[in-house]
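Structure first, commentary second.
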Amino acid sequence: MSALTATRWVRWPEAHTLADGTESLPAGAARIGYGADYNPEQWPEEVWADDMRLMREAGVNIVSVGIFSWALLQPTIDSWDFGWLDRAIDLLHANGIAVDLATATASPPPWLTELHPEVLPVNRLGETIWPGGRQQWRPTSPVFRRYALALVEKMAMRYADHPALSMWHISNELGCHNVYDYSDDAAGAFRDWLQARYGSLVELNRAWGTAFWSQNYTTWHQILPPRLAATHPNPTQQLDFARFSSDALKDYLIAEREILRQVTPEVPITTNFMVMGETRGMDYADWAAEVDVVSNDHYLLVADPQAFEELSFSANLTGQIAGRAPWFLMEHSTSAVNWQPVNQAKTPGQLRRDSLTHLAHGADAICFFQWRQSLAGAEKFHSAMLPHAGEDSTVFRNVAGFGRELAALAEVAGSRTQQARIGILFDWDSWWASELDSHPTELLRYKAEAMAWYTAALANGLQADIVPARSVLAGHGLAGYDLVIAPMLYLVPQALADALTDYARTGGHLVVGVFSGIADADDHIHPGGYPGAFRELLGVRAEEFGGLLAGQTVRLTGELPAGSTGSLLTHDVTVQPDVEVLARFDDGPFPGVPAITSRMLPSLAGAAGRASFVATVLDPAALAALVGRFAAQAGIQSLLPEEVHGTVQLAVRQGDTQDYLFYINHSARAVTVALRPADGRLSALDLGGSTLAADTLTLPATGVAVLGRARTDL
Ligand code: GAL
């Protein structure tokens, strides 16, 4: 097994003789996890044997079990029924399938919410969120915690020694529906959190700026979550509530984890994150240190014209959060999902392309929701590995074909993703704070801004890493990046401003995007002109914001493609004499004013750094041109020929002796990539319909080729 393998990973079962007399793979054998959520409780037991046969045919080697089974495991307050789960796990083991065992706490049973309605969450209007769906529990409820932790302990004790137990799966998508709870439990826990953060009411009143609108607090008890108010609630109160809500769930995760660690210290622990997608409530860069294995769930949003780029972004960010070590794709879909307003089947090749894109970004397990498509319940129209149509179906043939392919890619397991030379900063505090109400515009969206820069890198045939600002604050974020982009980094504590300034002053190129550097950690403005935290470094100063209406654009002139425009927000920028103006606003609120600036910095460490500023939201072509220019200036070259930029993504994983190059054609037409001697000697590992010739690689529509290259740096 590769020496680069993460210290903790799925604990694969020891080799044993299977039901059919064959031997299972030994624990240490390299493999990529392949499987799904498995919900045998939805089916008569006669069906299970068929499940095993088809799982083996599909190459399934791990499944998540028991996620939503609390109500069956504990049918009443004082009765338990583990029989069916024992039988299901035994059967899986007898078929060589490892178990990622859920703690089963994701959704409380009806008897619990009937007995204790005080565990139900409350929305900001004070309305109760009733049972009937799922995840109807308050993250801070001591009553819920008591019952849930009792179940966790029962599960841990019962299955501690089961040889199939390969990983613990805490709850499920913590915070998917219940991250923001405004109940009295939440109010009490929020006050405790605030006391720990601020120490005194004087400090809280300062941080929240309560001199404004007569909000000065004189007892802790007066403080509430930001429930429905007459008008804009206090912004720092809202921001702190977002921080608190992420922390409250993290605290719950830790509570479950501690029980598991006590009973089964040798079993790795995970919980499935939802990096990007439609959720933003959980700061996963902060949560990652609490789990042994970082797992992610990702669903393509069909209405998003940049769905592929979003997938790639999410996978990259997950990999960065995991420290570029392997991570676990816990869920994605084989085809349609059921919960978007309009749902579509995946096009041919898309299951493979999406799966391999996750793999390219470091996933060492590719799993789906779910194994067998339900006949009843809210997700009966959600695709699965085994669809309603049965095994004689395109989906199942794709699933089984891809399982065989993954088995052949086993050697990739354990390799790490190669660090890119461009880093794009990503920060949950800025996400939360920048999108609060009563701002210069409501139209700016944090994720869209970060995505736009990532897409612009891809459009230049370049890979960028999404770097959590937290890792910069922890002191290990920026080494190795030649170009660092800060999109909409609205909230900048002094330590972050210092780290980024140091980066630029010691030879890096820092690019600061629109609506950045505005506020400090308390969401108070950095005074003296915008973008306060970076004003000195950039040599620019703006006094006003010029918000643009939806659909309104301003023309830009300068070193940009003809017809370039800005939208959503502009600044009235003035510059220091040593600042180069790359483009100006031609019309709009500030005609003639600099829109894009760049400043060479006197270097403290030999190499000259650079700090650049973009004072509006550029159209995609303009942004791509700008990223291309900055990358070239920093000596970053694409490894792909120009004609496939924006069509083919190249992501690289590094093993001990081999690099694995994933050429991903994310377009709907076939493309040919000209290979160059500088690419080294490439060998075909998995072509999947592509053709590798001496100096070309031809990829079909949505095709992915995995090539190997001996590492030259050894
Ligand atoms: C996830 C969840 C699964 C299933 C899936 C459907 O949010 O963890 O239980 O609901 O989505 O896409």
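In listed order, ligands and their atoms are each counted from 1.
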For this session: Applying ring-ring contact (aromatic ring centres under 6.0 Å, His included), run through Phe662 and His361 and close with a yes or a no.
Result: CA-CA 9 Å; Phe662 291 74; His361 287 288; 8.7 Å; no

Problem set entry | Evaluation steps, ring-ring contact (aromatic ring centres under 6.0 Å, His included), between His382 and Tyr299 | CA-CA 11 Å; His382 195 293; Tyr299 290 94; 5.6 Å; yes

For this session: Please assess Ser246 against Trp428 for the test side-chain hydrogen bond (donor to acceptor under 3.5 Å, both in side chains), listing each intermediate value before the final yes or no.
Result: CA-CA 10 Å; Ser246 178; Trp428 270 262; over 6 Å; no

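Of the heavy atoms in Met274, none comes closer than 4.0 Å to ligand 1. If you look at Met330 next to ligand 1, there are no close heavy atoms at all, none under 4.0 Å.
Looking from atom 10 (O) of ligand 1 to the surrounding protein, the closest heavy atom is Glu379 OE2, 2.3 Å. Scanning the protein for heavy atoms near atom 7 (O) of ligand 1, the closest one is Glu173 OE1, 2.3 Å. In this structure, atom 9 (O) of ligand 1 lies nearest to the protein heavy atom Arg134 NH1, 3.0 Å.
We find that Arg261 and Asp292 are joined by a salt bridge, their nearest charged nitrogen and carboxylate oxygen being less than 4.0 Å apart. For the pair Arg397 and Asp392, the salt-bridge criterion is met [side-chain N within less than 4.0 Å of a carboxylate O].
When only interatomic distances are considered, the shortest N/O to N/O separation between Trp339 and ligand 1 falls below 3.5 Å. Taking only nitrogen or oxygen atoms, main chain and side chain alike, His382 reaches within less than 3.5 Å of ligand 1. Note: no N/O pair closer than 3.5 Å links Asn338 and ligand 1 by distance alone.
Near Glu331, with a cut-off below 4.0 Å to any heavy atom, the atoms of ligand 1 are 1 (C), 2 (C), 3 (C), 5 (C), 8 (O), 11 (O).
Side-chain contact annotation: Asp51 with Tyr38, donor-acceptor N/O pair under 3.5 Å present.
Ligand 1 is never approached by Gln370 to a heavy-atom distance shorter than 4.0 Å. At least one heavy atom of Asn172 sits less than 4.0 Å from an atom of ligand 1.
Residues forming a side chain to side chain donor-acceptor pair (under 3.5 Å) with Asn296 (at least two apart in sequence, or on another chain): Ser314, Thr318. Residues passing the salt bridge (charged side-chain N to carboxylate O under 4.0 Å, His left out) test with Asp686, sequence neighbours excluded: Arg352.
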